[in-house]
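Comments concern the structure below.
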Amino acid sequence: MRIPVIQKIIAILWPSFLMAGVATVLFFTAFDPALILAHTAFADVPRLGAYTVGFFLFWLLTASSCLLTCYFQRPCDRAPGAS
Amino acid sequence: MNKPESTAPRPANRDAGADEGMYAKHQKVYPREVHGVFAFWRSTGVLVLLGLYYGLPWLRWDGRQAVLLDLPERKFHIFALTFWPQDFFYLALILIVAALTLFFFTALAGRLWCGYACPQTVWTEVFLRIERLVEGDRARQMKLADAPWGARKLLIKATKQTLWLVFAAYTGLTFVGYFTPILEVARGLVDFSLGPWESFWIAFYSLATYGNAGFLREQVCIYMCPYARFQSAMFDKNTLIISYDQARGEPRGSRKRGDDHRAKGLGHCIDCTLCVQVCPTGIDIRQGLQYQCIGCAACIDVCDQVMDKMGYPKGLVRYTTENALLGKAVRILRPRVLFYAALLLAMVGGLGYALATRLPLELDVIRDRNALFRETDGGLIENVYTLKILNMDDRPHRYRLTVEGINNLQLRMHRDQIDVPAGEVMELPVRLQVDPGELSARSNKIAFTLQDRDDPTLTVTEDARFLGPAPGTR
């Protein structure tokens, strides 16, 4: 059965979006970005900016994982070594 | 439709292959407008929920925004309550209560959430109404879609898109207004002083609204909604679902009004396909329970009108249960429902208790890491600590600090009063001194107690260790 392209795109972007949201909430509940960034070059970044960048980094990470899952899910036509 | 498992995907009533490709190629569903009892309740739900969403951020409480999940300040204000990151536990409890509520209502009455309260349904409804306002009814919309591009079509489509975008933009603004004070956001928009991050999230949320409610629509329910996939686990034969009464309706077929359908060998379904035309997800309810069905009851409303016109009893498509359709007794209070209800009550009770007994005060004790202990000139053993005092209340407090665990333990600090302003953290260095003769071990358990000067119920105690030389080494 063929899977519509839109479903494939959603399968990568959507679950990763949800999990990036969860990760962002958990991470920034435990760690205050203002304290983490205080002694770095990014000390001027406001909290809202840190949350935003953090969220998109998490999304990049989770989306990569979803992408790999989708990639490895493709059927293997031939087993390695089979003629 | 036999077991909950039978909610597995079935082909919807669309051309085969219509789903292939991006939504550009996806065959658009043009839901026909419908009136009736359930349409009324859905409209009411939409109005109430949208009113709440757009109105709540403007509500004031005690000189501040009543509901403000202030991310920049890391404090959540919900009416009289203020939550700190340390209160994450309450957020988790609230989420569990929300999930259990969803389970309870799903077991009782199927997809009530999807049809009446889900944001996807609510905003799609608004976008559909704007579309109907600009383009006309279903037939006109389809005609316009088929018409060649010209000045008139361009004007109509541009008007619709503009209205959609304006509405979406206001939705985005309101969304950001829950996380940063909405007055500042509105002011920032007027004089172009809005911060880049706020602007970004307004744009992001606006585009998400526009895409989900304007274009993706039912595809969100089909491809993106996790609840649509696992809800069948909460269904049983006594769950209220929208069903076509096959025994009554079949064999379907067209006829003239006043024809004796029994003579023609027909059931009550006149095969007018109105139930398919009103369906926002484009399915045919007569094929049985399908996971695409969001339970909006539009097909019930439209079919009841047809039954009225034909002089047949209403309810050919209706809210019913599988057991009722099979002529068996329907049990509303069954173990599954009672179990969800009991769990829900317990969690709500727990949340209420936790909130009622929540202390707006927290104490952290951090030992000085540089020295384990030191000996004063007077021969006393001294340990140094930093106390972090969080006043999570909306008013200032004056506290009294005591310590116990070792006899004659003396508390020394550089101030006489511990005054912490509303919503602030105080770091308080303290020194503890004791005669070495009082120590019975290298490491002794002690406890700091912080108490409000006026309100003795506002008390927190935090354990710590007091280190000294091994007993007998002196």
Side-chain angles (χ1 to χ4, degrees), chain A residues 1-60 62-63 65-67 69-70 73-75, chain B residues 9 11 14 16-27 69-76 83-92 95 176 179-181 184-185 194-205 208 211-212 215-227 229 425:
Chain A
M1 191 179 131
R2 286 191 57 190
I3 295 174
V5 178
I6 182 97
Q7 192 176 355
K8 288 182 196 162
I9 294 172
I10 285 171
I12 294 166
L13 291 184
W14 180 239
S16 54
F17 178 88
L18 291 177
M19 287 304 116
V22 172
T24 308
V25 169
L26 290 179
F27 182 83
F28 287 117
T29 302
F31 306 104
D32 181 353
L35 294 181
I36 299 174
L37 298 177
H39 302 293
T40 68
F42 304 105
D44 293 340
V45 177
R47 282 203 181 107
L48 207 54
Y51 297 146
T52 309
V53 173
F55 169 75
F56 280 98
L57 287 180
F58 274 125
W59 196 7
L60 189 70
T62 48
S65 161
C66 288
L67 186 72
T69 304
C70 282
Q73 222 178 20
R74 303 202 304 183
Chain B
R14 293 207 196 103
D19 256 348
E20 283 182 21
M22 291 281 289
Y23 53 75
K25 273 189 255 164
H26 157 86
Q27 192 173 321
L69 314 179
D70 198 337
L71 291 181
E73 291 296 321
R74 292 173 74 75
K75 278 173 208 166
F76 285 7
F83 293 97
W84 289 54
Q86 286 80 0
D87 292 322
F88 187 76
F89 165 71
Y90 296 96
L91 178 68
L95 289 179
V176 172
F179 301 102
T180 51
E184 281 174 31
V185 177
L194 195 62
W197 305 107
E198 284 89 351
S199 313
F200 168 79
W201 282 110
I202 291 179
F204 188 91
Y205 199 80
N212 282 338
F215 293 98
L216 285 175
R217 291 187 180 170
E218 81 285 352
Q219 297 180 87
V220 172
C221 312
I222 294 168
Y223 298 128
M224 291 163 76
C225 180
Y227 170 67
R229 308 267 174 126
V425 184

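Naming convention: chains lettered A, B, ... in sequence-line order (proteins, then strands); numbering from 1 in each chain.
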Contacting moiety of [X], where chain A heavy atoms sit under 4.5 Å:
X	result
B:W201	side chain
B:Q86	neither
B:F204	side chain

[X] side-chain N/O to [Y] backbone N/O, donor-acceptor pair under 3.5 Å:
X	Y	answer
A:T62	A:S16	yes
B:R229	B:I222	yes
A:W59	A:L13	yes

Evaluate the side-chain contact (heavy atoms from CB on, under 4.5 Å) criterion for residues B:L71 and B:T180: first the C-alpha distance (whole Å), next the side-chain angles of each, then the deciding distance (0.1 Å), finally the verdict. CA-CA 7 Å; B:L71 291 181; B:T180 51; over 6 Å; no
Proximity breakdown for A:F31 and chain B, heavy-atom pairs closer than 4.5 Å: backbone
Test log, rule side-chain contact (heavy atoms from CB on, under 4.5 Å), inputs B:I202 and B:L194: CA-CA 11 Å; B:I202 291 179; B:L194 195 62; 3.7 Å; yes
Max heavy-atom pairs within cutoff under 4.5 Å with chain A, candidates B:W197, B:W84, B:F88, B:F200, goes to B:W197
CG of A:L26 to CE of A:M19, rounded to nearest 0.5 Å, is 10.0 Å
Test salt bridge (charged side-chain N to carboxylate O under 4.0 Å, His left out) applied to B:D70 - qualifying residues, sequence neighbours left out: none
Which residues, numbered in order, of residues 34-48 of chain A come under 4.5 angstrom of chain B by heavy-atom distance? A:P46, A:R47, A:L48
Step through it carefully: locate the ring centre of A:F55, locate the ring centre of A:F17, and say whether they are under 6.0 Å apart. yes
